[in-house]
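Right, one structure below, let's go through it.
Note that ligands are numbered from 1 as they come in the structure, with each ligand's atoms numbered from 1 the same way.
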Amino acid sequence: MQNPNLAPVPELFVSYESAQKMKVEAGDLASHDLSPRQICDLELLMNGGFAPLKGFLGQDDYDGVVENMRLADGKLWPMPITLDVSEAFADKIETGQDIALRDQEGVILATMTVTDKWTPDKSREAEKVFGADDDAHPAVNYLHNQARKVYLGGPVTGIQPPVHYDFRARRDTPNELRAYFRKMGWRRVVAFQTRNPLHRAHQELTFRAAKDTQANLLIHPVVGMTKPGDVDHFTRVRCYEAVLDKYPAATTTMSLLPLAMRMAGPREAVWHGLIRKNYGVTHFIVGRDHAGPGKNSAGEDFYGPYDAQELFKEHAEEMGIEMVPFKHMVYVQERAQYEPADEIEEGVTVLNISGTELRRRLQEGLEIPDWFSFPEVVQELRKTRPPRSQQGFTVFLTGLSGSGKSTIANALMVKLMELGGRPVTLLDGDIVRKNLSSELGFSKEHRDLNIRRIGYVASEITKNGGIAICAPIAPYGTTRRAVREEIEQYGAFCEVHVATPLEECEARDRKGLYKLAREGKIKEFTGISDPYDEPKDPEVRVNTVNVDVDHCAHQVLLKLESMGLIAG
Ligand code: PPS
């Protein structure tokens, strides 16, 4: 008998012939260029991973999801899947109109018939969905600082899935995985969601989960978007492949999920369950602090450690997927094996290495013991995460015009070049404005664009193991934060506030610009007629009054040394 769980899920794609025709006709439609997150969402909408959704949410569905995790027809759905667009684009769109959805290279992936257009209350969305309107939460930060103002909703017609060039053999749609389970005769499948490399404890717990539930195991890692700062998915997939050999042959498989996570804890767990159900899974492992976003801006956890398990349990029956609570596994030295922490008697030696401790060991090139991980995994991680003193990083000096940023940046560059080992690039405000941003002025929009360009170049330098020294005014805190986040994906970010007071900068007036600004001959001049947000928590703050440049540059060097970025 066919397992009803494994019948195909509805996809949103049209036939090949229709798709060819639509591609041509879509040339006349208004086009929206999808963001990386929207591309992930669209892929799962089209391939049935987000069934029962048939497109980006309309306003009634959105309100229901935000308020009580239900679509307008009452079906359970905990996460708003929304298409955010700019006001300028929204102004051109009428409801009832079809739009083309394109990837970042302009390839058309789908069309959408716009049924709804509205400006959401993002603070309400943050409070209700993520539990707090606090930018320390990655999804709230995304909502306020990256997602655009207006939402469009409506059914999607799929033309083609986004193209992936990496790990093709490991990517499956829900129907492909269902077909695989059918072919293998797997009637019970337990899925393990992860965004981290697997070490011995994870291998042991997943193995036990499969044994206890008498199910086959699906390692189902997220390779869309995870938490900023996570290990890149290329490295992780190589690590997972190394671990796959450690399971009994033919009991376990691995497939990659192109999901953009929101780190929404309890709601995210339910969302993950519904997605896995679409992939044909019968059991789902939910751990302590599942999809946790870390600490809020007051330094406390956003969610309780078992909130995700509670919410999942409440809805498991309705979802039609069983929860397997994560057992916290620890290493018992005397018996040289992993065991569930709650089954261990007193008096034995329990060993554990936290995520933070692991990162420290990798950063400092220290030993990672065999009982903790597999040598192949450690080797992969070491390749991607060389010790900090060999990684790229960015020093970002910010301060008023004439504060001394360029002078300190130049001195710092020479000192770092003297130390050697990594190429050093200086992205000084004036140099950038001449070579990269010559068409820009000093409106907020143009300054932000200028800083984003600097951030982009610095992130590329950092990613490739170099040192970038940036020295623009960069007056806006939110833009500096966005640059920090972009760079911290690849290496360290050291913000230096050159805190020379306005009076001093104006008294020096090295370029004669303050005088012109006071006379109103230069508009939007930072500190005089334009704002400067003082950095609240920079890595270094230097004041150049009565202090020589050499000393200021040395203060930055000392900080870089204490951050482990240069050898002492
Ligand atoms: S920003 O805000 O970060 O994009 O500015 P930045 O690229 O660093 O450019 C600052 C330099 O441009 C000159 N200049 C002005 N600065 C501030 N406000 C206005 N309106 C302005 N007009 C011209 C000024 O020389 C700045 O150089 P520095 O090295 O900071 O003195």
Checklist entry - Is Leu513 touching ligand 1 with its side chain, its backbone, both, or neither, if touching means heavy atoms under 4.0 Å apart? => result side chain
Checklist entry - Can the ring centroids of Trp77 and Tyr62 be said to lie less than 6.0 angstrom from one another? => result no
Item to check | Distance filter under 4.0 Å to Lys511 heavy atoms, resulting ligand 1 atoms | outcome: 25 (O), 27 (O), 28 (P), 29 (O), 31 (O)
Item to check | Atoms in ligand 1 with a heavy atom of Thr526 nearer than 4.0 Å | outcome: 17 (C), 18 (N)
Checklist entry - Taking non-hydrogen atoms only, is Val432 closer than 4.0 angstrom to ligand 1 via side chain, backbone, both or neither? => result neither
Checklist outcome for this item: Among non-hydrogen protein atoms, atom 18 (N) of ligand 1 lies closest to Arg447 NH2, 3.1 Å
Item to check | His446 near ligand 1 by a heavy-atom separation under 4.0 Å | outcome: no
Item to check | ligand 1 versus Ser403: contacting region, heavy-atom distance under 4.0 Å | outcome: neither
Item to check | The one among Ile528, Asp448, Ile473 that brings a heavy atom closest to atom 10 (C) of ligand 1 | outcome: Ile473
Next on the checklist: I'd like to check which ligand 1 atoms, numbered from 1 as shown, lie under 4.0 Å from a non-hydrogen atom of Asp430.
Outcome noted: 11 (C), 27 (O), 29 (O)
Checklist entry - With a 4.0 Å cut-off on heavy atoms, is Arg510 touching ligand 1? => result no
Next on the checklist: Could you check whether any heavy atom of Asp530 sits closer than 4.0 Å to an atom of ligand 1, since that is the contact criterion I want to use?
Outcome noted: no
Checklist entry - Any N or O of Ile522 that comes nearer than 3.5 Å to an N or O of ligand 1? => result no
Checklist entry - Judging by distance only, is a nitrogen or oxygen of Gly402 under 3.5 angstrom from one on ligand 1? => result yes
